[in-house]
Amino acid sequence: GQQVMQIPQYQHVQEGEDFTTYCNSSTTLSNIQWYKQRPGGHPVFLIQLVKSGEVKKQKRLTFQFGEAKKNSSLHITATQTTDVGTYFCAASNDYKLSFGAGTTVTVRA
Amino acid sequence: GAVVSQHPSWVICKSGTSVKIECRSLDFQATTMFWYRQFPKQSLMLMATSNEGSKATYEQGVEKDKFLINHASLTLSTLTVTSAHPEDSSFYICSRQGPYEQYFGPGTRLTVT
């Protein structure tokens with residue numbers, strides 16, 4: 001499957017601050033999906049990006065797909081304790097998902 | 001509500017025994033389901049694609065004789081870990097395909113002693 005690299009692996013954030021997690025591929029992606037997995041839970045779909053340069057927002061979450069469709073980012077503003085968890089990007093190919101390593105987010109109150 | 005269920009949610013077994021994990025699609029007849037494995041603090045790795053009425057498709061490096069997959073109906077896929085060893089201890093998660101996203105089950109935590 002398609003390889004996607006994701007950084008950083010860990011993100012320790014002060015409550016109220018912003019952070020960004022990045023996903024990169026050496027090949028052009030047809031689309032990129034983002035999932036969130038809470039501690040002890042299972043991945044839950046957040047969003048899919050398909051178009052070059054696409055930007056989508058969900059409240060405090062902003063998702064971006066690069067112009068070359070080789071990278072993507074998730075930016076969270078004003079981090080809250082409810083944002084704790086691991087955020088994965090995933091490349092979809094024939095319905096198979098190749099997940100990035102994930103960014104595990106912890107929040108300091 | 002949940003669209004995919006798994007049973008059991010956790011299981012402890014002795015080395016050398018076999019364990020069966022069930023994955024059910026609750027709201028949709030799924031001809032295809034997916035099985036993933038996730039080791040602690042690691043990402044999800046696709047093990048195999050379960051196909052209703054035909055053989056499963058395994059990813060490279062996954063032993064098909066060790067991880068038996070059966071998809072006998074449109075709502076049920078099972079994964080049997082045969083002759084389990086401690087290194088098979090992991091979080092096993094199934095999923096079914098949605099319109100474009102995947103819906104994941106709650107996962108089964110397997111511990112082999």
Side-chain angles (χ1 to χ4, degrees), chain A residues 1-12 21-25 29-51 54 56 58 63 65 72 74 84-106, chain B residues 1-10 21 23-26 28 30-52 56-62 71 77 90-111:
Chain A
Q2 294 173 301
Q3 298 283 338
V4 285
M5 308 300 291
Q6 191 174 355
I7 57 170
Q9 186 175 3
Y10 297 99
Q11 186 79 57
H12 307 291
T21 173
Y22 301 90
C23 190
N24 295 288
S25 171
L29 302 172
S30 56
N31 62 70
I32 192 89
Q33 299 183 4
W34 286 88
Y35 291 80
K36 177 182 179 181
Q37 184 176 24
R38 293 183 184 274
H42 59 278
V44 175
F45 175 78
L46 294 177
I47 210 157
Q48 174 173 271
L49 304 172
V50 179
K51 299 177 183 177
E54 189 170 16
K56 288 188 177 180
Q58 289 179 351
F63 303 84
F65 203 9
S72 181
L74 161 59
V84 164
T86 301
Y87 295 83
F88 292 99
C89 61
S92 176
N93 186 18
D94 288 336
Y95 300 117
K96 292 184 180 181
L97 290 180
S98 295
F99 282 85
T103 295
T104 298
V105 177
T106 54
Chain B
V3 298
V4 178
S5 69
Q6 276 185 248
H7 178 81
S9 55
W10 59 271
I21 302 169
C23 175
R24 293 184 184 275
S25 176
L26 301 178
F28 189 80
T31 56
T32 301
M33 299 183 82
F34 303 93
W35 286 95
Y36 294 82
R37 181 168 52 182
Q38 185 178 34
F39 291 108
K41 301 188 185 301
Q42 294 190 23
S43 188
L44 286 86
M45 296 298 295
L46 179 65
M47 299 175 66
T49 302
S50 173
N51 304 299
E52 189 270 335
T57 306
Y58 291 82
E59 295 300 303
Q60 191 172 9
V62 178
H71 196 146
S77 175
S90 188
F91 193 47
Y92 292 87
I93 314 176
C94 67
S95 71
R96 76 153 180 88
Q97 186 65 39
Y100 41 83
E101 74 275 44
Q102 287 191 13
Y103 298 110
F104 288 86
T108 297
R109 193 162 302 280
L110 169 64
T111 301

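Below, chain A is the first sequence line, B the second, and so on; all start at residue 1.
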Taking donor and acceptor roles from the modelled atom types, list the N and O pairs under 3.5 Å across chain A and chain B.
{"residue": "A:Q33", "atom": "NE2", "partner": "B:Y100", "partner atom": "O", "Å": "2.8"}
{"residue": "A:Y35", "atom": "OH", "partner": "B:Q102", "partner atom": "N", "Å": "3.0"}
{"residue": "A:Q37", "atom": "OE1", "partner": "B:Q38", "partner atom": "NE2", "Å": "3.0"}
{"residue": "A:Q37", "atom": "NE2", "partner": "B:Q38", "partner atom": "OE1", "Å": "2.9"}
{"residue": "A:Y95", "atom": "O", "partner": "B:Q102", "partner atom": "NE2", "Å": "2.6"}
{"residue": "A:K96", "atom": "NZ", "partner": "B:E59", "partner atom": "OE2", "Å": "2.9"}
{"residue": "A:G100", "atom": "O", "partner": "B:S43", "partner atom": "OG", "Å": "2.6"}

TODO: Check each atom of B:F104 against the heavy atoms of chain A and say whether the ones under 4.5 Å are side chain, backbone, both or neither.
DONE: both
- [ ] Considering only heavy atoms and a distance below 4.5 Å, find which of A:P43, A:G102, A:A101 pairs most often with chain B.
- [x] A:P43
Task: Shortest non-hydrogen contact between B:L46 and A:L97, atoms and distance - done: CB-O, 4.4 Å
TODO: Go through the steps to decide whether B:L44 and A:F88 satisfy the test side-chain contact (heavy atoms from CB on, under 4.5 Å), and finish with yes or no.
DONE: CA-CA 9 Å; B:L44 286 86; A:F88 292 99; 4.1 Å; yes
